[in-house]
Amino acid sequence: MAADEAQLSPPESLLRLIDNLARFHRQHEEYYSQAPLQQAGGLQERSRVLKALADRWSVVGVREQASAVAFAGAEDLNAPGLVAESGVLFMEGEGEPAELQRMKREVGLLADDVEQTGAWLANAMEQAWDLAGFLAAYPALADLLGERHRIIANDWQSAALQSLIARLLRRALDLLARVDFAPAALRADLRGARKAPAYLYSASELLDRAADLMLESATLVHDNERRWRIFRARVRELESA
């Protein structure tokens, strides 16, 4: 390569590094353009459980314990069709259904996961931003710097969304923690102010919003696919030259 060409193009060692980053980070983002879709679907399923219970508890006439037999289903507290769909079963003489406890644990774990992923991604984009600025010194890549910075901007925005998603999920859990799901306690509430349905509706709305933001995050990352291909194709051209 002539001296003037060397000044236009990054050195070979830097080209290899850029090629490596473009290849593996594109593959990494292929996963993160799909995984949030599955997570959003799971959140929507949980949200529907909360809404079904809130709908039921908003209108049902509360009765005394219907059966002295342990593990009998609570006729007034169980929403029609929900037991078969979600497994959530309120039983006489029992406490909070195990399925609700598991659901809350899973939401908490998801909040931890997305928060960690968002923090890692934000830190990675800080470094990627600096490297992209360094590439401006090489005219051979000048027309692709917009593509590279758009990738970084998309990922940075995705990182911020994931931090917000974690906050929404934890606040939903805070609201659910204000409801005593033991049948006796629920019946006492439903005979009075009926606060439980209101907390469930609000928690479900937070889960819905978190699911929506997950879809936005996936869309942002998916937008990078073509940009990565264009960027890497140029780098490989320069490598072969």
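Any value given below was found using the heavy atoms of this structure, including those in side chains, with hydrogens, waters and symmetry copies removed.
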Could Asp112 and Arg170 be called an ion pair, given the rule that one side-chain N must be under 4.0 Å from one carboxylate O? yes
Can you list every pair that meets salt bridge (charged side-chain N to carboxylate O under 4.0 Å, His left out) and has a residue in residues 30-41, with sequence neighbours left out? Arg26-Glu30
Can you give me the closest heavy-atom contact between Asn154 and Leu220, atom names plus distance? ND2-O, 3.4 Å
With no hydrogens and no angle check, is any side-chain donor or acceptor of Ser202 less than 3.5 Å from a backbone partner on Tyr199? no
What residue among Gln27, Arg23, Glu147, Glu29 forms side chain to side chain contact (heavy atoms under 4.5 Å, CB included) with Trp228? Glu29
ILVMFWY cluster, Tyr32 and Met214 together (side-chain gap under 4.5 Å): no
Donor-acceptor pair, side chain of Ser58 and main chain of Ala54, under 3.5 angstrom: yes
Among Val221, Ile165, Leu161, find the one that has a side chain to side chain contact (heavy atoms under 4.5 Å, CB included) with Glu216. Leu161
State, yes or no, whether a side-chain contact exists between Leu200 and Leu176 at a heavy-atom distance under 4.5 Å. yes
Main chain of Leu215, side chain of Thr219: is a donor-acceptor contact present, judged purely on distance under 3.5 Å? yes
List the steps, then state whether side chain to side chain contact (heavy atoms under 4.5 Å, CB included) holds for Glu99 with Ser86. CA-CA 8 Å; Glu99 297 81 9; Ser86 68; over 6 Å; no
Where Gly118 and Ala159 come nearest, the two heavy atoms and their spacing: O-CB, 3.4 Å
Do any N or O atoms from the side chain of Arg56 and from the backbone of Asp76 form a donor-acceptor pair under 3.5 angstrom? yes
Which residue pairs satisfy the side-chain hydrogen bond (donor to acceptor under 3.5 Å, both in side chains) criterion with at least one member in residues 229-241, sequence neighbours excluded? Asp19-Arg232, Asp143-Arg234, Glu225-Arg229
Does the pair Arg187/Glu92 count as a salt bridge with the N-to-O cut at 4.0 Å? yes
May I ask you to decide if Ser47's main-chain N or O and Ser204's side chain share a donor-acceptor pair within less than 3.5 Å? no
Distance-only, no hydrogens or angles: does the His222 side chain make a donor-acceptor pair with backbone N or O of Ala218 under 3.5 Å? no
